[in-house]
Amino acid sequence: MIPSLDPNESHPSIPSDSLPLRGWVQGLRGNNHVQFLQLRTNGKILQVVCEKEALGENLFKEIKSLPQETSLVVTGKWQENPKAPGGKELLLESLSIVGNSQDYPITPKEHGPDFLHNHRHLWLRSKRQLAIQRVRSELSFAIREFFRNDGYTLIDTPILTGSIGESAGTLFSTEYFDLGQAYLAQTGQLYLETAAFAHSKVYCFGPTFRAEKSKTKRHLTEFWMLEAETAFLGQDGNLDLQERFVKTVLKSTVERCSEDLTILERNPEPLLAYLNKPFPRVEYGEGIRILKEKGESIEWGEDINAEREQILTSHFGTAIFIQNFPRAIKAFYMKQNPNDPKTVLSADLIAPDGIGEIIGGSEREESYEKIVERLKEEGLPPEDYSWYLDLRKYGSVPHAGFGMGLERVIAWVCGLPHIRECIPFPRMIYRLTP
Ligand code: 4AD
Ligand code: MG
């Protein structure tokens with residue numbers, strides 16, 4: 001008997017193993033008497049046992065030659081098998097083909113990264129890729145959960161913007177009707193600051209864009225950023241919040257995704273060990289001193305690159321905050337440090353093992369005059385920021401915030417060397433398709 005294909009039957013409240021199963025042939029192996037069909041259903045791979053004796057010669061022959069990625073509806077009886085994925089397998093009783101597949105390009109043999117990225121639309125079906133996207137989904141959920149539990153309001157900030165959010169160097173721009181240039185948002189921060197003066201505690205979570213010319217393992221041109229902004233919060237409170245946030249969401253993701261981490265052969269223990277230690281707060285100047293001591297030729301005032309970030313995280317043996325960077329190398333909105341006016345009350349959170357900067361944040365400059373001065377230094381026209389400057393006119397308060405790059409954190413959780421697999425369709429300097 002062929003089970004019906006009533007689409008209403010697969011309701012989310014029905015457990016994922018309820019019969020019939022609908023899915024795709026991920027793989028097939030076996031012999032002349034029994035075939036083990038790996039069926040991908042609801043993103044999980046289940047084993048379907050097909051026995052010649054029970055099914056008959058013809059159906060068994062048909063199953064044995066089913067091409068990879070044929071879509072199927074199957075039914076049968078569940079039986080326990082500790083060796084099968086999930087500890088059980090389906091003993092097949094009947095099967096019907098929904099859609100044929102021929103010459104599926106991604107086979108069990110090894111393929112190079114370029115080939116796989118060219119076939120990203122199909123590569124998403126592979127076991128490791130299923131696991132990575134599930135980690136992404138769980139992490140995104142944990143992020144929203146954290147801020148909701150903490151009383152933050154979600155504010156969706158615009159993607160098309162009229163003013164530069166971060167720096168002029170890495171902008172995507174487009175003609176915008178009669179209004180001149182529009183830019184793709186590099187950050188939601190400036191808008192989020194305005195919303196923080198409405199709701200006190202706000203966050204945004206969405207895609208951001210940087211025309212980064214760098215071909216590194218840590219840069220995408222489109223990446224997702226979580227940003228939070230809090231009124232009446234200073235630098236220390238901002239770092240307390242970041243540390244609590246990162247530890248909470250990473251621990252719950254590791255716990256909820258333990259099966260996925262096993263598929264990725266990622267032992268979560270070293271990560272959890274980092275998360276169980278306090279993250280040291282290292283002054284920028286102290287970081288430079290340590291780097292010099294270790295033989296690096298770096299001077300106060302220079303930015304700390306990825307290799308040197310790693311030297312510092314190895315030195316401290318965990319994730320570290322580097323705080324109070326030189327004012328000249330940081331964005332215009334960061335608050336001047338009252339104890340050391342050459343620096344700003346900023347901090348980057350650096351993850352160990354070569355992951356690098358996962359968070360950038362700061363206390364925000366409250367003074368109208370100082371922001372205007374910094375905008376001019378950066379060559380940004382203050383009149384484009386009149387709406388942002390209004391915050392400093394109508395009830396200005398100390399406030400602070402931060403932004404965390406989602407893909408870098410996924411790479412850290414999954415133990416991946418490159419962030420390009422951490423987003424379904426990566427956008428890089430040399431890749432725009434699929
Ligand atoms: O340090 P960034 O540039 O900070 C901001 O955009 C602030 N406006 C955030 C805020 O305070 N609300 O970026 C924040 C984080 C980085 O630490 C990094 O994790 C990630 O975003 N990031 C990137 N991730 C992937 N590809 C890129 N090209 C990235 N650029 C930044
Ligand atoms: Mg940064």
Side-chain angles (χ1 to χ4, degrees), residues 136 139 143 147 152 155 157 161 163-172 183-196 201-231 233 235 238-239 241-242 245-246 250 284 303-306 309 319-323 325-326 329-335 344-351 354-365 388 399-413 416 418-423 426-429 431:
R136 181 181 174 106
L139 178 59
I143 287 170
F147 283 108
Y152 280 70
I155 298 293
T157 53
T161 67
S163 35
I164 299 169
E166 205 55 36
S167 78
T170 61
L171 276 179
F172 285 110
Y183 308 110
L184 293 186
Q186 296 169 312
T187 169
Q189 180 193 322
L190 305 190
Y191 297 95
L192 208 57
E193 281 187 55
T194 70
K201 295 161 74 168
V202 290
Y203 75 103
C204 64
F205 190 20
T208 46
F209 305 86
R210 307 263 169 114
E212 302 268 10
K213 302 246 160 54
S214 35
K215 289 191 199 174
T216 79
K217 298 181 291 183
R218 319 180 318 141
H219 287 92
L220 296 166
T221 54
E222 176 177 323
F223 65 97
W224 276 60
M225 181 154 46
L226 170 285
E227 297 183 79
E229 197 68 33
T230 315
L233 189 73
Q235 166 86 335
N238 196 28
L239 299 196
L241 173 66
Q242 289 170 44
F245 162 63
V246 166
L250 262 58
Y284 165 86
D303 210 351
I304 299 177
N305 67 17
E309 282 173 354
I320 60 170
F321 287 107
I322 304 178
Q323 64 173 351
F325 278 83
I329 58 169
K330 285 293 184 184
F332 67 88
Y333 52 71
M334 295 187 176
K335 185 181 167 82
V344 281
L345 296 177
S346 69
D348 287 352
L349 178 59
I350 316 296
I355 297 293
E357 180 194 326
I358 55 170
I359 289 184
S362 71
E363 192 171 330
R364 315 308 189 190
E365 185 55 76
Y388 178 70
H399 61 293
F402 65 92
M404 183 185 84
L406 182 68
E407 290 76 15
R408 291 189 188 174
V409 176
I410 297 168
W412 191 21
V413 173
L416 298 173
H418 198 300
I419 67 171
R420 65 193 168 188
E421 287 177 39
C422 300
I423 186 162
R427 297 291 176 247
M428 292 169 283
I429 179 168
R431 183 168 293 284

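Note that ligands are numbered from 1 as they come in the structure, with each ligand's atoms numbered from 1 the same way.
- Polar contact with ligand 1: absent for F223 (N/O pair, distance under 3.5 Å).
- Not a single heavy atom of E193 sits less than 4.0 Å from an atom of ligand 1.
- Of the polar atoms of S362, none of the N or O atoms is found under 3.5 Å from an N or O of ligand 1, judged by distance alone.
- Residue-to-ligand polar distances place I358 within reach of ligand 1: an N/O pair is separated by less than 3.5 Å.
- A ring pair (Phe, Tyr, Trp, His ring centres under 6.0 Å) with Y203 is found for exactly one of F402, F147, Y152, namely F147.
- Among the atoms of D348, no N, O or S atom falls under 2.8 Å of the Mg ion (ligand 2).
- Annotation: atom 28 (N) of ligand 1 to nearest protein heavy atom, L220 O, 2.9 Å.
- Closest to atom 12 (N) of ligand 1, if we only count protein heavy atoms, is E227 OE1, 2.6 Å.
- Ligand 1 is approached by M225 to a heavy-atom distance shorter than 4.0 Å.
- Environment of NZ in K201: crowded, with over 12 heavy atoms of neighbouring residues, nucleotides or ligands closer than 6.0 Å.
- For a threshold of 3.5 Å applied to N or O pairs, the pair formed by Q189 and ligand 1 contains at least one separation below that value.
- Considering CD1 of I410 and CZ of R136, their distance stands at 4.5 Å, rounded to 0.5 Å.
- Nearest protein heavy-atom neighbour of atom 15 (C) of ligand 1: G403 O, 3.6 Å.
- Closest to atom 3 (O) of ligand 1 among all protein heavy atoms lies R210 NH1, 2.9 Å.
- Looking at ligand 1, you won't find any N or O of E229 less than 3.5 Å from one of its N or O atoms.
- With a 4.0 Å cut-off on non-hydrogen atoms, F209 does not touch ligand 1 at all.
- Atom CD1 in I429 sits 9.5 Å away from atom CD in E212 (nearest 0.5 Å).
- Inclusion of Y333 in the set of residues having an N or O under 3.5 Å from an N or O of ligand 1 is warranted.
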